[in-house]
Every structure is written in structure tokens, then in C-alpha cells.
Amino acid sequence: QVQLVESGGELVQAGGSLRLSCAASGNALVTYAVGWFRQAPEKERAFVGAISRMGGNTFYADSVKGRFTISKDSDRNMVYLQMNSLKPEDSAVYYCAAKGVSFLSRTVYYSRGDYDYWGQGTQVIVSA
């Protein structure tokens, strides 16, 4: 099992940047594919982006493509979501999630149901 804790969310002005962190404890995060999701008030939790187990593949929702970047630091057991050019519509609670995968897996996963473990979320508010 792995436990996930997100951090880094805060209030930021539109056009600004934030870096969210997802810290893992328990099993090493390098054994998992990781995804980021977000949930705005009264909306369903939506896919933001994902990274494969070894970090070689990433995939992003169209709404964030070109602005957000996911990276993995296996030495620190961390995954990051770098968010640039933030917009008010990016405001949400952001969650990281992990899925146990095989050693050679290069797959990225974009469905909530694919993931086995979730963090508690971190709030991002982007002011206009």
C-alpha cells in the first residue's frame, strides 16, 4: 500500500504559477503510475494529467495541455504538478492518485476508476 499527501495549494492570481506536490509513504512511488485529478464545487472529479510508472510517458487533459507539467522524483518519492498560466477555471481541490502497475508498464491512466489510492486533496484558488 501507499499513502499519498498533497500540498502546495493556495490562492494565486490569474496568470500565476503553482507547484503541487504529492508525497508518498509506504511503498515506493516508483512502483506506481500516478495521476492528478481536480474537483470544483458541484462538479465531478475530473482528470488533469498522469505519468507512467517510470516517468517516461505523460498525458494531459486538453484544458491544461501546454500549461501543466507532471514530473516524478523517485529518489524523494514525490510527484509534482507544475501549473503555469493559471486561470480562474483551474480553481478546485486537486488530488493525486496512484495505481500499482507491472515493472515494465509505460501506461498512463486517465480514469478515476483505474486508481487504487488517493490523497486527501489540496485547494487551489485562482483569482481573476
Side-chain angles (χ1 to χ4, degrees):
Q1 285 195 351
V2 64
Q3 293 77 45
L4 305 172
V5 178
E6 303 92 335
S7 62
E10 62 182 68
L11 173 63
V12 63
Q13 286 190 337
S17 298
L18 279 178
R19 189 178 78 159
L20 304 184
S21 299
C22 176
S25 60
N27 288 343
L29 204 54
V30 71
T31 62
Y32 296 87
V34 176
W36 283 95
F37 292 76
R38 65 186 181 186
Q39 188 166 17
E42 300 183 358
K43 291 191 176 181
E44 290 192 356
R45 193 170 298 188
F47 173 75
V48 173
I51 190 166
S52 60
R53 171 182 171 140
M54 299 307 293
N57 290 336
T58 54
F59 181 72
Y60 299 93
D62 287 343
S63 59
V64 306
K65 199 173 295 182
R67 299 188 298 123
F68 290 12
T69 303
I70 296 175
S71 60
K72 209 175 195 185
D73 186 337
S74 297
D75 290 340
R76 290 183 169 83
N77 223 20
M78 301 280 289
V79 172
Y80 303 102
L81 179 65
Q82 178 67 43
M83 306 187 296
N84 299 328
S85 302
L86 282 162
K87 306 174 182 179
E89 52 263 43
D90 294 319
S91 297
V93 177
Y94 283 72
Y95 300 87
C96 67
K99 174 180 174 60
V101 295
S102 62
F103 178 70
L104 296 177
S105 173
R106 298 178 180 229
T107 306
V108 291
Y109 299 87
Y110 55 86
S111 173
R112 286 179 298 172
D114 287 328
Y115 289 91
D116 306 308
Y117 305 99
W118 292 82
Q120 85 292 345
T122 185
Q123 177 82 54
V124 172
I125 300 174
V126 184
S127 62

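Cluster annotation: V48 and Y117 are assigned to the same hydrophobic cluster (Ile/Leu/Val/Met/Phe/Trp/Tyr, side-chain heavy-atom contacts under 4.5 Å, transitive). Linking Ile, Leu, Val, Met, Phe, Trp and Tyr residues whenever their side-chain heavy atoms come within less than 4.5 Å leaves V64 and F37 in two separate clusters. V124 and F68 end up in the same hydrophobic cluster when Ile, Leu, Val, Met, Phe, Trp and Tyr side chains are linked at under 4.5 Å. Side-chain heavy atoms closer than 4.5 Å link hydrophobic residues (I, L, V, M, F, W, Y) into clusters, and following such links, even through other members, never connects V2 to Y115. Under the 4.5 Å side-chain heavy-atom criterion for ILVMFWY residues, no single connected hydrophobic cluster contains both V93 and L86.
Y95 meets the ring-ring contact (aromatic ring centres under 6.0 Å, His included) test with no other residue; sequence neighbours excluded. For R67, the side chain to side chain donor-acceptor pair (under 3.5 Å) partners are D90, not counting sequence neighbours.
For residues 81-128, every residue pair satisfying the disulfide (SG to SG under 2.5 Å) rule, not counting sequence neighbours, is listed here: C22-C96. Screening residues 99-128 for disulfide (SG to SG under 2.5 Å) gives no qualifying pairs among residues at least two apart or on separate chains. For residues 27-68, there are no disulfide (SG to SG under 2.5 Å) pairs, not counting sequence neighbours. Legend: salt bridge (charged side-chain N to carboxylate O under 4.0 Å, His left out) pairs involving residues 4-33, not counting sequence neighbours: none detected.
R45 is listed as a side-chain neighbour of W118, based on a closest heavy-atom distance under 4.5 Å. Using a 4.5 Å cut-off on side-chain heavy atoms (C-beta onward), T107 and V101 make no contact.
Rounded to the nearest 0.5 Å, atoms CG (L104) and CZ (R53) are 8.0 Å apart. Summarising the geometry, atom CG belonging to L4 is positioned 9.0 Å from atom CD belonging to Q120; distances are rounded to the nearest 0.5 Å. To the nearest 0.5 Å, atom CG of residue N84 and atom OG of residue S17 are 3.5 Å apart.
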I51 vs Y32, side-chain contact (heavy atoms from CB on, under 4.5 Å): CA-CA, chis, key distance, verdict
CA-CA 9 Å; I51 190 166; Y32 296 87; over 6 Å; no
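When all heavy atoms are compared, the tightest approach of A14 to P88 is CB-CD, 4.1 Å. When every heavy atom of A92 is checked against every heavy atom of A40, the shortest pair comes out as CB-N, 3.8 Å. Annotation for L11 and S127: closest pair CD1-CB, 4.2 Å, computed over non-hydrogen atoms. Between Q39 and K43, the closest heavy-atom pair is NE2-O, 3.1 Å. Summarising the geometry of A50 relative to I70, their closest heavy-atom pair is N-CD1, 3.2 Å, with the distance given to 0.1 Å.
Using a 30° and 60° split on the angle between ring planes, F59 and Y110 fall in the tilted class, from 30° to 60°.
No donor-acceptor pair closer than 3.5 Å links the side chain of K72 to the backbone N or O of M54. D116 places a side-chain N or O within 3.5 Å of a backbone atom of G100 that can act as its donor or acceptor partner. Side-chain atoms of R38 do not come within 3.5 Å of backbone N or O of F47 as any donor-acceptor pair. In terms of modelled atom types and a separation under 3.5 Å, the side chain of T31 and the main chain of A28 share a donor-acceptor contact. Side-chain N or O atoms of T122 include none that pairs as donor or acceptor with a backbone N or O of Y94 at under 3.5 Å. Using modelled atom types, no side-chain atom of D73 and backbone atom of M78 make a donor-acceptor pair closer than 3.5 Å. Of the possible donor and acceptor atoms, one in the side chain of N57 sits under 3.5 Å from a partner among the backbone N and O of R106.
Atom CD of E89 sits in a crowded spot, with more than 12 heavy atoms from other residues, nucleotides or ligands closer than 6.0 Å.
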